[in-house]
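I have placed the structure first, in the form of structure tokens, so that the comments after it can refer back to it.
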Amino acid sequence: MATCLVTGGSGFLGSHLCDELLSRGNRVICIDNFDTGSLANIHHLRSQDFLFLHADVTEPFFIDEPVEFVYHFASPASPIDYLRLPLHTLKVGSYGTHHALGLAKLHRARFLTASTSEVYGDPQVHPQPETYWGHVNPIGPRGVYDEAKRYAEALTMAYHRQQGVDTAIVRIFNTYGPRMRPHDGRAIPTFLRQALQDKPITVFGDGSQTRSFTYVDDLIEGIIRLAESAHHDPVNIGNPNEFTLLELAKTVIEVTGSRSEIVFEALPTDDPQVRQPDITLARQLLGWEPVVQLRDGLQRTLDASGVEALTGT
Ligand code: NAD
């Protein structure tokens, strides 16, 4: 059994990670300031092996027991959140990552940071392998998130190279599942909320832009495998099956049995036109690939969440 620290552990992904680490017999210390996470996501975790600390990782924090793994997940993640919290997003990627890395160094822990496909920015290479350096607009509204994550990656590699910290970087592609907030602005929770209320489904642009959607259980499995490997360079974890937003909207309507119609709205600034991970490295290195496909994952989300949670009613 290891002691694992999860920053951002009361958020969507962090709470699923806490669940899985606990179910594998680990002790889990969860740190969160509830900026975008909630107590509801972790309130079922009553085990003696689970400890919650209400703290902001942009301030220094200390743990007075040995820690073997640090999973650094704290950060606003949805455009709605990081556009509302631009300075905080930059601080959490910089100061927050410094503090989490400093703690990993002190404890000689394995450190894994949650990076993102957004470090690739506008994908001029498709699908995106880890060797693609990206094409990010640093001064556009999304720059606060993309550049914070790029800085966090650079910082992680510097701690590894200069300070000898045992680090890992996971580049997460769009992930969905139970506990997403119905109003967090991301496509799947928005479409599910609209479909379950028979309201118009709002697709940005003409809906021809693509995304690759990963079910949360697949993602968590890949992340734990990466943390338990000895790899230091970034690894893409995502489902390479690519859908247009229009296909996604139609699939959500089918799965929910909705009577919603599809309507089109203006594309947000710097919205990537395509997004698809190249997961060759994850397959070779971790023997990992996703097993839950979109329709099944949507059904599981529906079954596990219930209509009230998905509509916020
Ligand atoms: P989320 O908003 O649900 O979770 C983020 C958590 O971090 C929240 O609980 C929030 O309260 C917490 N947090 C934010 N600032 C904090 C601070 N200063 N101190 C302590 N806690 C703080 O988002 P998520 O979707 O679960 O994303 C988790 C991580 O994964 C993020 O780092 C995100 O960038 C990354 N990621 C997520 C996706 C995705 O598809 N969900 C894709 C790529 C990367």
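Since the structure is predicted, the reported quantities are computational estimates derived from the model, not experimental observations. When a ligand or atom number is given, it counts from 1 through the structure's own listing order.
Glu153 and Ser115 are linked by a side-chain donor-acceptor pair at a separation below 3.5 angstrom, with hydrogens and angles left out of the test. Side chain to side chain, Tyr120 and Arg171 meet the donor-acceptor criterion of an N or O pair below 3.5 Å.
Using the six-membered ring where Trp is involved, Tyr159 and His98 have ring planes that are perpendicular, over 60° apart on the 30 and 60° scheme.
Residue Lys149 has at least one heavy-atom neighbour below 4.0 Å for each of these atoms of ligand 1: 31 (C), 32 (O), 33 (C), 34 (O). Atoms of ligand 1 found under 4.0 Å from any heavy atom of Gly8, numbered from 1 in the order shown, are 6 (C), 7 (O), 9 (O), 12 (C). Within ligand 1, counting atoms from 1 as listed, the ones closer than 4.0 Å to a heavy atom of Phe34 are 11 (O). Heavy-atom contacts of Ala114 reach the following atoms of ligand 1: 30 (O), 32 (O) (cutoff under 4.0 Å). Every atom of ligand 1 is numbered from 1 in the order shown, and the set under 4.0 Å from a heavy atom of Ala77 is 23 (O), 24 (P), 25 (O), 27 (O), 33 (C), 34 (O). Each of the atoms 17 (C), 18 (N), 19 (N) of ligand 1 lies under 4.0 Å from some heavy atom of Asp56. Remark: ligand 1 atoms within the under-4.0 Å shell around heavy atoms of Ala55 are 19 (N), 20 (C). Those atoms of ligand 1 that come under 4.0 Å of a heavy atom in Gly37, given as number and element, are 8 (C), 9 (O), 10 (C), 11 (O).
Neither the backbone nor the side chain of Met180 comes within 4.0 Å of ligand 1, counting heavy atoms alone. The backbone of Asn174, and not its side chain, has at least one atom closer than 4.0 Å to an atom of ligand 1 (non-hydrogen atoms only; backbone = N, CA, C, O). Residue contacts with ligand 1, taken as heavy atom pairs separated by less than 4.0 Å, do not involve Tyr176 at all. Only the backbone of Ser115 comes within 4.0 Å of ligand 1, judged by heavy-atom distances. Contacts with ligand 1 closer than 4.0 Å are made by no heavy atom of Ser117, backbone or side chain. Contacts between Lys91 and ligand 1 below 4.0 angstrom, taking non-hydrogen atoms only, are absent altogether.
Taken to the nearest 0.5 Å, the CD1 atom of Ile29 stands 10.0 Å off from the CZ atom of Phe50. Note that the CZ atom of Phe62 and the CG atom of Leu106 stand 8.0 Å from one another [nearest 0.5 Å].
Crowding of Gln162 atom CD: a count of heavy atoms from other residues, nucleotides or ligands under 6.0 Å not exceeding 12. Heavy-atom contacts from other residues, nucleotides or ligands closer than 6.0 Å to NE2 of His43 number 12 or fewer. In this structure, Arg283 places its CZ atom where more than 12 heavy-atom neighbours from other residues, nucleotides or ligands lie under 6.0 Å away. Within a 6.0 Å radius of CZ in Phe61, other residues, nucleotides and ligands contribute more than 12 heavy atoms.
The option with the heavy atom closest to atom 2 (O) of ligand 1, from among Thr113, Ile80, Asp32, Thr36, is Thr36.
When ring centroids are compared, Phe12 and Phe73 stay outside the 6.0 Å threshold. Ring to ring, His54 and Phe34 are close: their centroids are under 6.0 angstrom apart.
Looking at Glu118 and Pro272, their side chains come closer than 4.5 Å, going by heavy atoms from C-beta outward.
Summary of contacts: the protein heavy atom closest to atom 37 (C) of ligand 1 is Leu13 CD1, 3.5 Å. Remark: minimum distance from atom 19 (N) of ligand 1 to any protein heavy atom is reached at Val57 N, 3.0 Å. From the protein, the heavy atom lying nearest to atom 40 (O) of ligand 1 is Thr175 N, 2.8 Å. Among all non-hydrogen protein atoms, the one lying nearest atom 41 (N) of ligand 1 is Arg186 NH1, 3.0 Å.
Between Ile172 and ligand 1, no pair of N/O atoms sits closer than 3.5 Å.
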